[in-house]
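First the structure, in the form of C-alpha cells, and then the observations on it.
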2 protein chains.
Amino acid sequence: MDRNDAEPPGASGRRKPRATIYDVARLTGVSPSAVSRALNKSGRLNERTERRIREAAEAVGYRINPMARALPTGKTGTLGLMVSDITNPVYFELVRGAERAASRAGSILVFADAQESAELELATAERLQPAADGLVMVASRLEDDDLARLASVEPVVTVNRLAPGLPSIVPDLRPGIESALDRLAGLGHRRIAYLSGPEASWMNRARWEVLFALAVDRGMSIVEVGSAAPTRSGGAEAFERVRAAEVTAVLAYNDLIALGLLHECRGHGLDVPGRLSIVGFDDIFGADLPTPALSTIRSPLAAVGELAVERLLAAVNGDETGPGTALATEFVERESVAAAP
Amino acid sequence: MDRNDAEPPGASGRRKPRATIYDVARLTGVSPSAVSRALNKSGRLNERTERRIREAAEAVGYRINPMARALPTGKTGTLGLMVSDITNPVYFELVRGAERAASRAGSILVFADAQESAELELATAERLQPAADGLVMVASRLEDDDLARLASVEPVVTVNRLAPGLPSIVPDLRPGIESALDRLAGLGHRRIAYLSGPEASWMNRARWEVLFALAVDRGMSIVEVGSAAPTRSGGAEAFERVRAAEVTAVLAYNDLIALGLLHECRGHGLDVPGRLSIVGFDDIFGADLPTPALSTIRSPLAAVGELAVERLLAAVNGDETGPGTALATEFVERESVAAAP
DNA sequence: GAGTCGTTGTCAATCGATTGCCAGATGCCG
DNA sequence: CGGCATCTGGCAATCGATTGACAACGACTC
C-alpha cells in the first residue's frame, strides 16, 4: 500500500457527498438562488452568467436533489403504479408503456404490487402516496370509497376499472367481443360459456356483462362457469366445470386461465378446437405459443399504460382531464377456434 | 345542490394538504420535535406522552413525508432497480422477488428500463440515483468503470453481471449446464451449438465460456452461432445459421431466442426434437407452453431478485457485505430434447 | 438632471422532519 | 437539605432547493 487513501477492493469506499447548488454558487461567485434560476428558469438571468453557472454545474457533476426540491414545490417528480399482481404477464406491456410515458416526461415511475389483496393494496397505496405526485391503480380490488379517499389526497387514475368520479383508462370491450362472437356464430357455435375470474375484479364483471348482452343479441345460449383464480392453474382446475357445461366454445376471463384450460384439455384428450373452441382475453406474451395457438380478445396494453400515465401527469399539473377513455379491443383469431362439432 | 361545498362530480376537488408533525404537535400541545421522537424513537419520551402523540397522529391520518425526512437524514427509503429491457419476461419473476424483499423492509422500489441501450442506461441510472439510496443493476450493459463511477456515489449491486469490486448476484451456471450436457451426451449428441445473444451482455459471454469448457470436457464438439437479438424474432432469424451449423442440439442464450427458433423450426418443417434438440436458459413464463415444450436451464430468478435487494439494503445500512453470491441453476428437461438423430 | 423603467442578482423565508444541546422537573443519596 | 443523576420535553440549527420582494445599476426620456 503505497498510498494510504487507496480504496479497499470490494468495499465501495467513502462516498463523496453530491455537489449542491451551494457548491456551484461558490465556484461561480454567485448566490445559490442565482444557480437555481440559471438551471430552471432560463432567461431570468443574464445570458453570460447563466452559461457560466451551467458550465460550472456540469463541471462538478451537479445533479439536482429531488427530495430537496420536493419540499418547497410539493412535487416529487415520481408517479406510483400499483398492480394487483406483478407476476401476471398482462402487466408486462402495460408497465412498459407506462414507463415509457413517464420517462418521456422526465418522471420516475415507482412500482408496487398488491399481491391480489385489497387490504395490502390500500396499505401500499397509502405508503406510496407521500412519495409520489399521483397514482395509477391497475385493476384495483378496492372499494369505490377507498379509491375516492386516495383520490382526495392526490390525483388517481384507474386502469381496467371504472370508479365514479375518477379518470379511468379501460379497454372498450365491445368491438373485440362482437367480432369474436360473430366469428363463433359463423362457425356454428350456439352454446357458449364464460369462465369467470376473481369476484372482486371489476373487469371480470364488465366482460361478463358485455359478453352476455352481445351473446343474447345473437341468439346464442350463454352460461357463466364459476370463477377461477386468474392463473394457469386456476384455468386447469376449471376443466371439469367447463366440460360439464356442454358448450362448444368458452371465453375465459383472461389468457392465463385460457392457457391453463387449454393445456388441461389436451391432458384429458379433449380436442381443441375440434370439440371445444377456446378464447382468452388480453393477448399476453405467450398466447401464441401453445398448439393450438390461443385465440384472444386483445387489449392495447402498452397504449393503456401510456395513456394512463399521460392522464395522471395532466391531472398532477392541474389540467383537469375528462373522466375516462376506452381503447378499442380486437379479436385475434388463432388456432384454438374452429367450427362447432 | 343543497350544499354548496359539494364535490363537483368528475373533478377530484381541492386536495387537503397532508397533516404534518406540526399539526400533530399543535393538536397534542407538544413541540414538533416531540412528535418526531414519539414516532420513531420509541422510549425517548414519557410513555403516556408518546401514546397521546401516536393517537393524535393516527386520528388525523398523519403520514410521514419521505422527502422531508430525506433531507436531514440523507436516506430516501427507496431503492432503484434498472433492467436492460422491461418487456423481457425474464424480469417478471426477478422484479417480483425484488419487490417482495423491498416491501418487507419497508422500502419503496423504483423501476427503470434501459431499453437495451448503454447510453440510456447510464443516463437513467444517474437520474435515479439522487432519488434512491442505492441501485440494483440487472444485466447491465455498462462498462466496468461506468459502474464503478455509479458505485462511488451510492451502493450498487449488480445482477447477472460481475463487476470488479461490486457485490453481485449471479446464477451459478455450472450445475445446470453440466446436467444438461450430461443428458444430451447420454442421448447421443456429439455436435452441439451455442446460439449467442447480445455482444454487450456479460451473461452471454459467461454462458458461452462455461458451456464451452464443459462441452470440451465431455469430448463434444461445440460451435458458437453468431449473435441474435434476445427476442423471439432474434431466434427466428437465426434459423438458417443454426441449420447450417449441422449440429444435433443447440443451446440458446435465453428462452426467448430458443422459443423463436423452436417456432421457426416448426415453420420450416424441421422436426424438434427429432432432428434437433433445443435448450434455452432461464425458464421464463411460457417456456412450457409450446409443443414441444422447451427444455431449459433454470435460474432462480425470484431468489436472485430478493437476494439482490437484501444485499443492497445491507450495503445502504453500512453493513459491508461480501463481494457476491452465486445461486445454483438447474436443468429442466421437457419435450424439446430427445435422442440425437 | 430628475424621473422612470427594465435588467440582473441577492436576501431571507419557506417546505417537513431530524437531532444535538440545554433546561426544568423529579427522584435519589448521603 | 444540598448535590447530583435521570427523565422529559423544547429550542434552534440543519438538510437543499425555491421564490417573492427588493436593491443596485444602467439606460432612456423629457
Side-chain angles (χ1 to χ4, degrees), chain A residues 15-54 56-57 60-78 106 127 129-133 153-154, chain B residues 15-54 56-57 60-78 106 127 129-133 153-154:
Chain A
R15 320 273 170 206
K16 50 183 166 217
R18 224 183 299 277
T20 71
I21 57 169
Y22 293 85
D23 300 323
V24 178
R26 200 165 345 100
L27 211 70
T28 330
V30 298
S31 75
S33 38
V35 177
S36 171
R37 295 204 157 98
L39 264 29
N40 36 44
K41 297 219 157 44
S42 190
R44 175 65 172 73
L45 259 44
N46 178 295
E47 193 186 341
R48 285 217 343 273
T49 320
E50 184 178 320
R51 203 172 45 240
R52 270 175 47 228
I53 296 179
R54 286 212 135 93
V60 299
Y62 170 76
R63 295 274 176 281
I64 197 170
N65 180 332
M67 309 294 152
R69 163 181 274 175
L71 215 35
T73 62
K75 298 252 160 293
T76 66
T78 84
R127 202 163 56 84
Q129 267 193 329
D133 295 336
V153 176
E154 258 177 20
Chain B
R15 318 274 170 205
K16 51 183 163 217
R18 222 185 301 276
T20 70
I21 57 168
Y22 294 85
D23 301 321
V24 179
R26 200 166 344 101
L27 211 71
T28 330
V30 297
S31 73
S33 39
V35 177
S36 170
R37 290 199 247 259
L39 265 27
N40 36 45
K41 297 221 152 58
S42 189
R44 174 67 172 71
L45 257 45
N46 179 294
E47 194 185 340
R48 285 215 344 272
T49 319
E50 185 179 320
R51 202 172 45 240
R52 270 177 44 230
I53 296 179
R54 285 213 136 93
V60 299
Y62 169 77
R63 297 272 177 280
I64 197 169
N65 180 331
M67 310 294 152
R69 163 181 272 176
L71 214 36
T73 63
K75 297 253 159 292
T76 65
T78 84
R127 202 163 57 85
Q129 266 194 331
D133 294 337
V153 175
E154 256 177 21

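Reminder, nothing fancy here: chain letters follow the sequence lines and each chain counts from 1.
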* Asked: Of A:S31 and B:A19, whose closest DNA chain C nucleotide lies nearer the 5' terminus?
  -> A:S31
* Asked: Roughly, in whole Å, what's the span from CG in B:L45 to C1' in C:dT19?
  -> 13 Å
* Asked: Which whole-number value in Å describes the distance from A:L39 CG to D:dA17 P?
  -> 9 Å
* Which one, C:dA12, D:dC22, D:dG16, comes nearest to the side chain of A:L71? -> D:dG16
* Asked: A:K75 NZ to D:dG16 C1': how many Å, rounded?
  -> 19 Å
* Asked: In whole Å, what is the span from the CZ atom of A:R44 to the C1' atom of D:dT19?
  -> 9 Å
* Asked: Quick one: A:N65 CG to C:dC15 P, roughly how many Å, whole number?
  -> 18 Å
* Between A:R37 and A:Y22, which has a closest nucleotide on DNA chain C that is more 5'? -> A:R37
* Asked: Are the charged groups of B:R18 and A:E154 less than 4.0 angstrom apart, N to O?
  -> yes
* Classify the nucleic acid contact of B:V35 as base, sugar-phosphate or nothing, counting any heavy atom under 4.0 Å across all strands shown. => nothing
* If you check every side-chain atom of A:R69, which of C:dT18, D:dT19, D:dA17 has the closest atom? -> D:dA17
* To do: Rounded to the nearest angstrom, tell me the gap between atom CD1 in A:I21 and atom P in D:dT18.
  => 6 Å
* Asked: Looking at A:N46, does any N or O in its side chain come under 4.0 Å of the phosphate oxygens OP1/OP2 on C:dT7?
  -> no
* Distance check: side-chain N/O of B:S36 vs OP1/OP2 of C:dA17, anything under 4.0 Å? -> no
* To do: Take the protein atom CG of A:N40 and the nucleotide atom P of D:dG16, then report the distance between them rounded to whole Å.
  => 17 Å
* Pairwise distance CG(A:L71) to OG1(A:T76) - rounded to 0.5 angstrom -> 12.0 Å
* Can you tell me how far CG of B:L45 sits from OG of B:S33, rounded to the nearest 0.5 angstrom? -> 8.5 Å
* Asked: Closer to the 5' end of DNA chain D via nearest nucleotide, is it A:R18 or A:S33?
  -> A:R18
* Close side-chain approach of A:R69 to A:N40, heavy-atom, < 4.5 Å -> yes
* Length of the line joining B:E50:CD and D:dC7:C1', which is rounded to integer Å -> 14 Å
* Structure fact -> Regarding the side chain of B:T73, the nearest nucleotide among D:dA17, C:dG16, C:dT19 is C:dT19
* To do: Would you tell me if any nitrogen or oxygen in the side chain of A:T20 comes within less than 4.0 Å of OP1 or OP2 on D:dC15?
  => no
* Look at the side chain of B:P72 and decide which nucleotide, out of D:dG10, D:dC15, D:dT18, has an atom nearest to it. => D:dC15
* Structure fact -> One should read off an interatomic distance between A:N65 CG and A:T20 OG1, to the nearest 0.5 angstrom, of 9.5 Å
